[in-house]
Amino acid sequence: MQLILFGPPGIGKGTQSALLVERLGLKHVSTGDLLRGAIRGGTALGQQAKAFIDAGRLVPGALVRGIANERLAEIGYDNVILDGYPRTVEQAEWVDEDFAAAGHPITVVVSITGDNEVIVERLAARGRPDDAPDIVRKRLAVYAAETAPVEDHYRQAGLLVTVDGEGDVEEVYGRIVQAIESVLVER
Ligand code: ADP
(Lines give C-alpha, C1' and ligand atoms only; values in the text may rest on other atoms or scores of the structure.)
Protein backbone atom coordinates (compact mmCIF):
# COMPACT_ATOMS: atom_id res chain seq x y z
CA MET A 1 0.00 0.00 0.00
CA GLN A 2 1.25 3.45 -0.96
CA LEU A 3 -0.40 5.89 1.44
CA ILE A 4 -0.39 9.68 1.47
CA LEU A 5 -1.09 11.19 4.87
CA PHE A 6 -2.45 14.65 4.21
CA GLY A 7 -3.44 17.55 6.46
CA PRO A 8 -2.41 20.91 7.91
CA PRO A 9 0.80 21.42 9.89
CA GLY A 10 0.43 20.21 13.46
CA ILE A 11 -2.55 17.95 12.82
CA GLY A 12 -0.54 14.89 13.90
CA LYS A 13 0.73 13.38 10.65
CA GLY A 14 4.11 12.60 12.18
CA THR A 15 2.61 10.94 15.26
CA GLN A 16 0.18 8.84 13.23
CA SER A 17 2.92 7.94 10.74
CA ALA A 18 5.00 6.51 13.57
CA LEU A 19 2.10 4.25 14.61
CA LEU A 20 1.42 3.14 11.03
CA VAL A 21 5.10 2.30 10.61
CA GLU A 22 5.19 0.33 13.85
CA ARG A 23 1.91 -1.55 13.41
CA LEU A 24 1.50 -1.93 9.64
CA GLY A 25 5.17 -2.11 8.69
CA LEU A 26 5.03 0.80 6.27
CA LYS A 27 8.12 2.88 5.47
CA HIS A 28 7.96 6.56 6.42
CA VAL A 29 8.97 9.32 4.01
CA SER A 30 8.64 12.81 5.52
CA THR A 31 9.96 15.58 3.29
CA GLY A 32 10.12 17.86 6.37
CA ASP A 33 12.41 15.33 8.11
CA LEU A 34 14.50 14.86 4.97
CA LEU A 35 14.93 18.62 4.55
CA ARG A 36 15.86 19.10 8.23
CA GLY A 37 18.35 16.25 7.84
CA ALA A 38 19.90 18.02 4.85
CA ILE A 39 20.17 21.23 6.89
CA ARG A 40 21.87 19.38 9.77
CA GLY A 41 24.18 17.68 7.29
CA GLY A 42 25.17 21.05 5.84
CA THR A 43 24.46 20.00 2.24
CA ALA A 44 23.95 22.56 -0.54
CA LEU A 45 20.29 21.53 -0.71
CA GLY A 46 19.95 22.02 3.04
CA GLN A 47 21.43 25.49 2.80
CA GLN A 48 18.97 26.41 0.06
CA ALA A 49 15.99 24.96 1.93
CA LYS A 50 16.71 26.57 5.31
CA ALA A 51 15.58 30.12 4.50
CA PHE A 52 12.24 28.86 3.16
CA ILE A 53 11.57 26.63 6.18
CA ASP A 54 12.52 29.35 8.67
CA ALA A 55 10.11 31.74 6.95
CA GLY A 56 7.26 29.20 6.95
CA ARG A 57 7.27 29.07 3.14
CA LEU A 58 7.34 26.07 0.85
CA VAL A 59 10.73 24.87 -0.33
CA PRO A 60 10.92 24.92 -4.17
CA GLY A 61 9.19 21.83 -5.49
CA ALA A 62 12.04 20.53 -7.62
CA LEU A 63 14.29 20.29 -4.55
CA VAL A 64 11.62 18.43 -2.61
CA ARG A 65 10.94 16.01 -5.46
CA GLY A 66 14.67 15.35 -5.74
CA ILE A 67 15.20 14.62 -2.05
CA ALA A 68 12.05 12.46 -1.84
CA ASN A 69 12.92 10.39 -4.91
CA GLU A 70 16.48 9.95 -3.71
CA ARG A 71 15.14 8.32 -0.53
CA LEU A 72 12.47 6.33 -2.37
CA ALA A 73 15.08 4.94 -4.76
CA GLU A 74 16.93 3.58 -1.70
CA ILE A 75 13.98 2.13 0.22
CA GLY A 76 11.60 1.27 -2.66
CA TYR A 77 8.32 2.92 -3.69
CA ASP A 78 6.19 0.09 -2.28
CA ASN A 79 4.60 0.08 1.21
CA VAL A 80 5.32 3.68 2.05
CA ILE A 81 3.65 6.55 3.86
CA LEU A 82 4.23 9.98 2.38
CA ASP A 83 4.03 12.62 5.12
CA GLY A 84 4.09 16.28 4.10
CA TYR A 85 4.48 15.40 0.42
CA PRO A 86 2.86 16.30 -1.95
CA ARG A 87 2.10 19.84 -0.78
CA THR A 88 1.04 21.48 -4.06
CA VAL A 89 -1.02 20.24 -7.00
CA GLU A 90 2.15 20.29 -9.11
CA GLN A 91 3.88 18.03 -6.55
CA ALA A 92 0.82 15.76 -6.54
CA GLU A 93 1.12 15.31 -10.29
CA TRP A 94 4.80 14.42 -9.88
CA VAL A 95 4.02 11.95 -7.10
CA ASP A 96 1.34 10.29 -9.21
CA GLU A 97 3.76 10.04 -12.14
CA ASP A 98 6.79 8.90 -10.14
CA PHE A 99 4.90 6.18 -8.23
CA ALA A 100 3.10 4.94 -11.36
CA ALA A 101 6.44 4.81 -13.19
CA ALA A 102 7.89 2.75 -10.34
CA GLY A 103 4.98 0.29 -10.69
CA HIS A 104 3.48 1.19 -7.28
CA PRO A 105 0.72 3.76 -7.82
CA ILE A 106 -0.76 5.68 -4.87
CA THR A 107 -3.35 3.49 -3.13
CA VAL A 108 -5.14 5.93 -0.83
CA VAL A 109 -4.91 9.49 0.50
CA VAL A 110 -5.99 10.00 4.10
CA SER A 111 -6.79 13.62 4.84
CA ILE A 112 -6.75 14.49 8.55
CA THR A 113 -8.90 17.50 9.38
CA GLY A 114 -8.99 19.85 12.38
CA ASP A 115 -9.37 23.32 13.76
CA ASN A 116 -6.64 25.97 13.20
CA GLU A 117 -6.62 27.23 16.78
CA VAL A 118 -5.98 23.73 18.13
CA ILE A 119 -3.10 23.45 15.67
CA VAL A 120 -1.43 26.72 16.69
CA GLU A 121 -1.61 25.68 20.37
CA ARG A 122 -0.22 22.19 19.74
CA LEU A 123 2.68 23.52 17.69
CA ALA A 124 3.56 26.21 20.22
CA ALA A 125 3.90 23.37 22.76
CA ARG A 126 6.16 21.34 20.41
CA GLY A 127 8.75 24.19 20.10
CA ARG A 128 10.56 23.63 16.74
CA PRO A 129 12.04 26.98 15.47
CA ASP A 130 9.40 27.21 12.73
CA ASP A 131 6.66 26.61 15.35
CA ALA A 132 6.71 30.21 16.64
CA PRO A 133 3.10 31.50 16.45
CA ASP A 134 3.71 34.04 13.64
CA ILE A 135 5.52 31.45 11.50
CA VAL A 136 2.77 28.90 12.19
CA ARG A 137 0.16 31.39 10.96
CA LYS A 138 2.23 31.87 7.80
CA ARG A 139 2.41 28.06 7.34
CA LEU A 140 -1.36 27.79 7.78
CA ALA A 141 -1.89 30.51 5.17
CA VAL A 142 0.45 28.72 2.75
CA TYR A 143 -1.44 25.52 3.50
CA ALA A 144 -4.80 27.11 2.66
CA ALA A 145 -3.53 28.70 -0.57
CA GLU A 146 -1.22 26.03 -1.98
CA THR A 147 -1.73 22.72 -0.21
CA ALA A 148 -5.49 22.49 0.39
CA PRO A 149 -6.16 22.16 -3.39
CA VAL A 150 -4.27 18.85 -3.30
CA GLU A 151 -7.32 17.40 -1.52
CA ASP A 152 -9.50 18.09 -4.56
CA HIS A 153 -6.91 16.59 -6.86
CA TYR A 154 -7.19 13.29 -4.99
CA ARG A 155 -10.95 13.54 -4.47
CA GLN A 156 -11.31 13.74 -8.24
CA ALA A 157 -8.98 10.77 -8.59
CA GLY A 158 -11.26 8.80 -6.23
CA LEU A 159 -8.40 8.20 -3.77
CA LEU A 160 -9.39 10.53 -0.90
CA VAL A 161 -10.79 9.65 2.53
CA THR A 162 -11.15 12.19 5.33
CA VAL A 163 -10.64 11.55 9.02
CA ASP A 164 -11.35 13.78 12.04
CA GLY A 165 -7.99 14.61 13.67
CA GLU A 166 -9.37 15.75 17.03
CA GLY A 167 -9.35 13.45 20.02
CA ASP A 168 -6.56 11.32 21.43
CA VAL A 169 -3.85 9.63 19.39
CA GLU A 170 -5.36 6.11 19.54
CA GLU A 171 -8.80 7.39 18.63
CA VAL A 172 -7.46 9.13 15.53
CA TYR A 173 -5.34 6.08 14.66
CA GLY A 174 -8.45 3.90 14.83
CA ARG A 175 -10.27 6.22 12.45
CA ILE A 176 -7.37 6.17 10.00
CA VAL A 177 -7.19 2.37 9.92
CA GLN A 178 -10.95 2.15 9.50
CA ALA A 179 -10.88 4.68 6.65
CA ILE A 180 -8.10 2.76 4.88
CA GLU A 181 -9.98 -0.52 5.27
CA SER A 182 -13.21 0.97 3.93
CA VAL A 183 -11.43 2.17 0.79
CA LEU A 184 -9.66 -1.15 0.23
CA VAL A 185 -12.91 -3.10 0.67
CA GLU A 186 -14.77 -0.90 -1.82
CA ARG A 187 -12.33 -1.71 -4.58
P1 ADP B 1 4.49 20.45 9.25
O2 ADP B 1 3.68 19.34 8.65
O3 ADP B 1 4.29 20.59 10.72
O4 ADP B 1 4.35 21.74 8.50
P5 ADP B 1 6.95 19.47 8.03
O6 ADP B 1 8.07 18.90 8.79
O7 ADP B 1 6.16 18.58 7.14
O8 ADP B 1 6.03 20.12 9.15
O9 ADP B 1 7.45 20.69 7.14
C10 ADP B 1 8.25 21.73 7.66
C11 ADP B 1 8.66 22.70 6.54
O12 ADP B 1 9.44 21.99 5.55
C13 ADP B 1 7.51 23.32 5.74
O14 ADP B 1 6.97 24.46 6.37
C15 ADP B 1 8.20 23.64 4.41
O16 ADP B 1 8.98 24.82 4.51
C17 ADP B 1 9.16 22.47 4.23
N18 ADP B 1 8.54 21.37 3.44
C19 ADP B 1 8.27 20.11 3.89
N20 ADP B 1 7.71 19.35 2.93
C21 ADP B 1 7.60 20.17 1.83
C22 ADP B 1 7.07 19.99 0.52
N23 ADP B 1 6.52 18.84 0.12
N24 ADP B 1 7.13 21.05 -0.34
C25 ADP B 1 7.68 22.22 0.03
N26 ADP B 1 8.17 22.46 1.25
C27 ADP B 1 8.14 21.45 2.16
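Just follow the structure's listing: the first ligand is 1, and inside any ligand the first atom is 1.
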Protein contact to [atom] [nearest heavy atom, distance to 0.1 Å]:
atom	result
atom 3 (O) of ligand 1	R139 NH2, 2.8 Å
atom 26 (N) of ligand 1	V59 N, 3.0 Å
atom 20 (N) of ligand 1	T31 OG1, 2.7 Å

Could you check whether any heavy atom of G56 sits closer than 4.0 Å to an atom of ligand 1, since that is the contact criterion I want to use?
no
Tell me which one of K50, R126, R128, R57 gets a heavy atom nearest to atom 10 (C) of ligand 1.
R128
Of the choices E90, Q91, R87, E146, which has the non-hydrogen atom that lies closest to atom 4 (O) of ligand 1?
R87
Can you tell me how far the CD atom of E90 sits from the CD atom of E146, to the nearest 0.5 Å?
10.5 Å
Is it true that a side-chain atom of R175 and a backbone atom of D164 form a donor plus acceptor pair closer than 3.5 Å?
yes
Taking 4.0 angstrom as the limit, do D130 and K138 come out as a salt bridge?
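Salt bridge flag = no for K138 with D130.
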Regarding D134 and R137, does a basic nitrogen lie under 4.0 Å from an acidic carboxylate oxygen?
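Not counted as a salt bridge, because no side-chain N and carboxylate O are separated by less than 4.0 Å.
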Determine whether V161 and S111 make a side-chain contact, defined as any pair of heavy atoms from C-beta on separated by less than 4.5 Å.
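The answer is no; the side chains never approach within 4.5 Å.
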Within-4.5 Å side-chain heavy-atom neighbours: L35 and L45
yes
Per-atom contacts of ligand 1 with [X], taking only distances under 4.0 Å to non-hydrogen atoms:
X	value
G10	3 (O)
K13	2 (O)
P9	1 (P), 2 (O), 3 (O), 4 (O)
L35	17 (C), 18 (N), 19 (C), 27 (C)

Using distance alone, decide if ligand 1 has a nitrogen or oxygen within less than 3.5 Å of any nitrogen or oxygen in D130.
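In this structure, D130 places no N or O atom under 3.5 Å from an N or O of ligand 1.
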For ligand 1 and G84, I'd like to know whether there is a polar contact (N/O to N/O, distance under 3.5 Å).
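Yes, there is a polar N/O contact under 3.5 Å.
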May I ask you to decide if the ring planes of F99 and Y77 are parallel, tilted or perpendicular, using 30° and 60° as cut-offs?
perpendicular
In this structure, are over 12 heavy atoms from other groups packed under 6.0 Å from R36 atom CZ?
yes
Report the part of V64 in contact with ligand 1, treating N, CA, C, O as backbone and CB onward as side chain, heavy atoms under 4.0 Å; options are side chain, backbone, both, neither.
side chain
Passes side chain to side chain donor-acceptor pair (under 3.5 Å), H153 versus D96? Steps please.
CA-CA 11 Å; H153 171 89; D96 297 348; 2.7 Å; yes
